[in-house]
There are 2 protein chains.
Amino acid sequence: MYSVKSGFIRLYTLLSNGRSQIIGFKSPGDFVALEYDSKHRFSAQAVTATELRSVPTAAFYAAASGDPQFLLKLYKVVCEDLSRAHDLVLTIAKRDAEGSMAAFLLDIDVRAPARSAINDFVSLPMLRGDIADHLGLTNETVSRIFTNFKKRGFIEVRGRHSIRLVNRRGLRAISDRITGDRKSPDLESPQILSPVN
Amino acid sequence: MYSVKSGFIRLYTLLSNGRSQIIGFKSPGDFVALEYDSKHRFSAQAVTATELRSVPTAAFYAAASGDPQFLLKLYKVVCEDLSRAHDLVLTIAKRDAEGSMAAFLLDIDVRAPARSAINDFVSLPMLRGDIADHLGLTNETVSRIFTNFKKRGFIEVRGRHSIRLVNRRGLRAISDRITGDRKSPDLESPQILSPVN
DNA sequence: CGGGTGGTTGAACGCGTTCAAGACATGTGG
DNA sequence: CCACATGTCTTGAACGCGTTCAACCACCCG
């Protein structure tokens, strides 16, 4: 288990054919647990020069078995990761490319740890291809949407790794457009036939 | 927290505009935890008549605080859910419609709790629209792929809710086709500048 | 300056969607 | 038992979004 002190890392799962799927990014202050119950695991790689504080899993589990508070901490990290994974599923499954990008940028903006107070540009250390992989798009599409958002005045870009959200409301409107015609299920209260404690 | 005794339920997240995203299905024998750390939550609905064994969260947390084994149990459930969520991300982001369906059917087949020994038909209680929502497709596409798989001899369908996988190897080949041109990152070993335990 | 990686932009294709109609199954009331 | 209604599933045809292929541009580091 690691704690990111500085820098930026990406988390990904390796596929059988040598490809990868980026499942998330981590900024300073975030916790990363690569193996949870010693079975499930994914990989991490630093995007920029990164400082980590590491906790060996062996020592971790030794501490966890005796200390419920410690285990609870890891538990909450996993819950957070699960919530993020569900959000990602929603993004990829139910949003179009623009919606995915808008949601992604808003998320980056919210999670940005520190930003210069004068101009609220946030750092965007990952490559365009990383974003594309993460959202299930191609880097060409990502690039096109970037320029499109610039033209429409939603964002402002400085260099490759610095961005400012000019019109958050507009981006939120785009990310709220959900494709698909599925109506949410009718919530009829269940009929409890034989209640067992 | 619930344990499914019989029946079939679907898990989904509600969206702001009244839509939903199905994030998974649960069969008899599975555990379901709707709220993990009392903040994150999603919803569940029975697809067929279902029997549950329920554990009130209050009682659960009371037991968990004193019993690390109990907390560890819930922890493993979350880990399993997280793993499944990552698989779903991979499916939606990196597979085409056929690949998604193949992966889904193989997963259903593997997880099927009990099947008639003579003909290994497995139950498929959910609607076509549920599958479509789950995989980020439309029910038309799901229907088309079903008939296509039938024609190609990959599956055999009886009624609407019973299916048999005839050619698992073929389905696996289809689900292994990954779209996208991203190469996995080169795994250069990190340069440890200042190791801090 | 060159070389290389990453990024942008353009044009055409194709997969999955959208729209629309029909088939099938199930339940209800006459 | 049939006529009808409702909801699900299937099938067809045309559209459109994002991809694919290809070229060019910008930046970075020697």
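Please read all numbers here as calculations on a predicted model, not as lab measurements. Numbers restart at 1 for each chain; the letters A, B, ... are given by sequence-line order, proteins then strands.
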Novice: How many Å lie between CG on B/Leu127 and C1' on C/dC24, as a whole number?
Specialist: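 Atom-to-atom, B/Leu127 to C/dC24, this comes out as 15 Å.
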
Novice: When you check the gap from the basic side-chain N to the acidic O, do B/Asp30 and B/Lys5 get nearer than 4.0 Å?
Specialist: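 No, no charged N to carboxylate O under 4.0 Å.
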
Novice: Starting at CE of B/Met126 and ending at C1' of D/dC9, how long is that distance when rounded to a whole Å?
Specialist: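 Going from CE in B/Met126 over to C1' in D/dC9 covers 16 Å.
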
Novice: Just wondering, do B/Val89 and A/Gln21 contact through their side chains at under 4.5 Å, heavy atoms?
Specialist: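 Side-chain contact under 4.5 Å: yes.
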
Novice: Is any NZ, NE, NH1 or NH2 atom of the basic residue among B/Glu156 and B/Arg164 found under 4.0 Å from an Asp or Glu carboxylate oxygen of the other?
Specialist: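 Salt bridge flag = yes for B/Arg164 with B/Glu156.
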
Novice: Would you kindly give the NZ-to-P distance between A/Lys94 and C/dT17, to the nearest whole Å?
Specialist: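 So the NZ-P distance, A/Lys94 to C/dT17, works out to 11 Å.
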
Novice: Can a cation-pi geometry be assigned to B/Arg53 and B/Tyr2, taking NZ or CZ under 6.0 Å from the six-membered ring centre and within 45° of the ring axis?
Specialist: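 Judged by the rule (NZ or CZ under 6.0 Å from the ring centre, within 45° of its axis), B/Arg53 is not positioned above B/Tyr2.
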
Novice: If only side-chain N and O atoms of B/Thr147 are considered, is one of them under 4.0 Å from the OP1 or OP2 phosphate oxygen of D/dT11?
Specialist: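 For B/Thr147, the contact criterion (side-chain N or O under 4.0 Å from OP1 or OP2 of D/dT11) is met.
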
Novice: Using a cutoff of under 3.5 Å, can you pull out all pairs of nitrogen or oxygen atoms linking the protein to nucleotides 21-28 of chain D, with atom names and distances?
Specialist:
{"unit_1": "D/dC21", "atom_1": "N4", "unit_2": "A/Glu140", "atom_2": "OE2", "d": "3.3"}

Novice: Using a strict threshold of under 4.0 Å (side-chain N to carboxylate O), is an ion pair present between B/Arg128 and B/Asp133?
Specialist: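 Between B/Arg128 and B/Asp133 there is no salt bridge, as every charged N stays at least 4.0 Å from the carboxylate O atoms.
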
Novice: Are A/His134 and A/Tyr12, when compared by the centres of their aromatic rings, separated by less than 6.0 Å?
Specialist: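 No, too far apart.
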
Novice: Classify the ring geometry of A/Phe42 against B/His86: parallel below 30°, tilted from 30° to 60°, perpendicular beyond 60°.
Specialist: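 A/Phe42 vs B/His86 ring planes: perpendicular.
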
Novice: Whole angstroms only, please: what is the CD1-P distance between A/Ile145 and D/dT19?
Specialist: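 Whole-Å distance recorded here is 8 Å.
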
Novice: Give a yes/no on whether any side-chain N or O of B/Thr138 is located under 4.0 angstrom from OP1 or OP2 of C/dT17.
Specialist: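 For C/dT17, OP1/OP2 do have a side-chain N/O of B/Thr138 under 4.0 Å.
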
Novice: To the nearest angstrom, how far is A/Leu135 atom CG from D/dT19 atom C1'?
Specialist: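 Value for this atom pair: 15 Å.
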
Novice: Give the rounded distance in Å between these two atoms: CE of B/Met101 and P of C/dC15.
Specialist: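 Interatomic distance, CE of B/Met101 to P of C/dC15: 17 Å.
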
Novice: Using a 4.0 Å heavy-atom cut-off, does B/Gly159 contact any base of the nucleic acid, only the sugar-phosphate backbone, or nothing at all?
Specialist: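 No contact at all - B/Gly159 keeps every heavy atom at 4.0 Å or more from the nucleic acid.
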
Novice: Can you measure B/Glu98 atom CD to C/dG14 atom C1' for me and round it to whole angstrom units?
Specialist: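 Rounded to whole Å, this separation is 14 Å.
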
Novice: Just the rounded figure in Å: distance from C1' of C/dG14 to CZ of B/Arg177.
Specialist: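 So the two atoms are 14 Å apart, to the nearest Å.
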
